[in-house]
Amino acid sequence: MSFDPQKLTQDMPPSIPSNDVIRLAKVGVDSGNRYTKIFIPGYGLHVVPSYLYSLKSRDGLPTASQSFCIRYESGDNPTLKGGIALGAIAADFGAVPIFNGEKDSYYAEMAIAAIAGILKSGTVSIGELVLCLPDDAPQIIAEISNSLRGYHQVATPTGYVSLQIKRVSIETEGIAAYRFLKSQGFYLANDRINGILDIGGGNTSGLLFSPSGAPIWESRKVLSGLVELARKIAVSSENLRGIERGGNSPKIQLILDGIEKGTYTYGITGKSFEADYLEIFPVWLKALKDEIRLQWGQWLPSIAEIAIIGGGASLMGDLVESSKNRFKICQDSQLITVKGMVI
């Protein structure tokens with residue numbers, strides 16, 4: 001797609017200088033089920049909760065921490081209209097977590113809201129927007145790419161962003177993380193097979209890489225993530241029974257919050273589900289280990305190290321110990337993928 005400054009700025013208010021184009025070579029957006037991570041070189045790395053809310057006209061475009069609010073004015077995605085809130089403020093307004101819906105249909109809203117929210121105002125051309133998915137279904141990749149590629153006119157709380165996205169690249173989970181870790185010298189034996197185990201909210205994914213860095217696609221495995229663990233706790237916990245009015249089930253996001261914080265309590269109620277976690281987690285972890293061992297069986301003698309990343313990485317101490325440190329938990333485990341997207 002050729003760059004056309006006139007089209008990029010044609011709908012912008014006069015306050016935006018058409019000849020002052022911000023050109024960004026690469027931008028990474030890792031839209032997780034729990035958190036959305038955005039890395040725009042020169043503008044920093046940002047993390048917001050993965051909640052989306054359609055703003056009403058009466059809401060305006062509010063500002064809040066860990067949040068981006070925008071209004072999609074016009075552009076090449078006809079399905080996007082009106083106000084969008086991404087992050088903590090969306091949760092405050094009553095939005096349900098992304099993991100309760102079809103995340104694939106939210107990528108355009110999440111990416112555009114985050115990018116415009118960070119940039120705040122100006123005329124911007126992005127050479128390549130990089131995303132990731134747990135699978136590589138061609139139809140889904142095409143739909144997401146088409147929903148983002150092109151021109152977008154967006155209002156923010158402090159101005160307007162005229163955005164061009166020239167190219168959209170969608171990578172399989174594990175690719176960007178491996179690229180980043182290898183660039184940082186994380187793997188000690190580069191002449192051996194190494195890998196990535198991503199413990200996420202919606203899913204857990206594993207992928208091995210040859211000494212040349214090529215993905216071993218037959219090794220790829222996608223399993224349930226921490227959301228499934230939290231659902232098992234919600235069903236089993238006697239202590240949480242009846243905690244929500246109207247006979248509703250316990251909220252998965254509050255159980256996940258308790259696991260993430262290590263308090264194992266449900267919101268501000270003080271109700272503990274620690275006993276349920278201690279009973280259910282080892283079973284969930286054993287099933288994960290068994291599935292990975294089965295999938296990676298033929299390569300096990302040749303594997304040097306597996307990097308554990310994702311929101312649930314800190315829970316994998318037993319896996320590290322039982323593997324005699326062949327599995328290693330990464331520091332800043334939730335940010336590894338988005339950092340690798342812009343390399």
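Worth knowing before you read on, the calculation uses all heavy atoms, side chains too, and leaves out hydrogens, waters and symmetry mates. In this text the structure is predicted, and so the values were computed from the model without any measurement.
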J.: Could you check whether Gln153 and Ser74, counting side-chain N and O atoms only, form a donor-acceptor pair closer than 3.5 Å?
T.: no
J.: Going by the side chain to side chain contact (heavy atoms under 4.5 Å, CB included) test, name the single residue among Asp198, Thr337, Ile175 that passes it with Cys132.
T.: Thr337
J.: Is any side-chain N of the basic residue among Asp318 and Lys286 closer than 4.0 Å to the acidic one's carboxylate O?
T.: no
J.: Would you say the side-chain atoms of Ser125 pair up with the backbone N or O of Arg23, donor to acceptor, closer than 3.5 Å?
T.: no
J.: Assess the pair Tyr187 and Tyr178: is the distance between their ring centroids shorter than 6.0 Å?
T.: yes
J.: I would like to know whether Asp30 and Lys339 meet salt bridge (charged side-chain N to carboxylate O under 4.0 Å, His left out); could you show each step before the answer?
T.: CA-CA 9 Å; Asp30 180 10; Lys339 289 179 178 179; over 6 Å; no
J.: Could you check Ile40, Leu24, Leu119 and say which one makes a side chain to side chain contact (heavy atoms under 4.5 Å, CB included) with Ile126?
T.: Leu24
J.: Would you say the ring centroid of Phe273 lies under 6.0 angstrom from that of Tyr277?
T.: no
J.: Between Asp290 and Arg293 (salt bridge meaning N to carboxylate O under 4.0 Å), is one present in this structure?
T.: yes
J.: Among Leu319, Ile309, Thr204, whose side chain to side chain contact (heavy atoms under 4.5 Å, CB included) with Ile199 holds?
T.: Thr204
J.: Is the shortest side-chain heavy-atom distance between Thr79 and Ser147 below 4.5 Å?
T.: no
J.: Report yes or no: do Glu244 and Tyr266 form a side-chain donor-acceptor pair below 3.5 Å?
T.: yes
J.: Kindly say whether Thr123 contributes a backbone atom to a donor-acceptor pair with the side chain of Asp20 at under 3.5 angstrom?
T.: no
J.: Please check: side-chain N/O of Arg71 versus main-chain N/O of Ala155, any donor-acceptor pairing under 3.5 Å?
T.: no
J.: Under a 3.5 Å distance rule, please check whether Ser67 uses its side chain to pair with a backbone N or O of Ser65 as donor and acceptor.
T.: yes
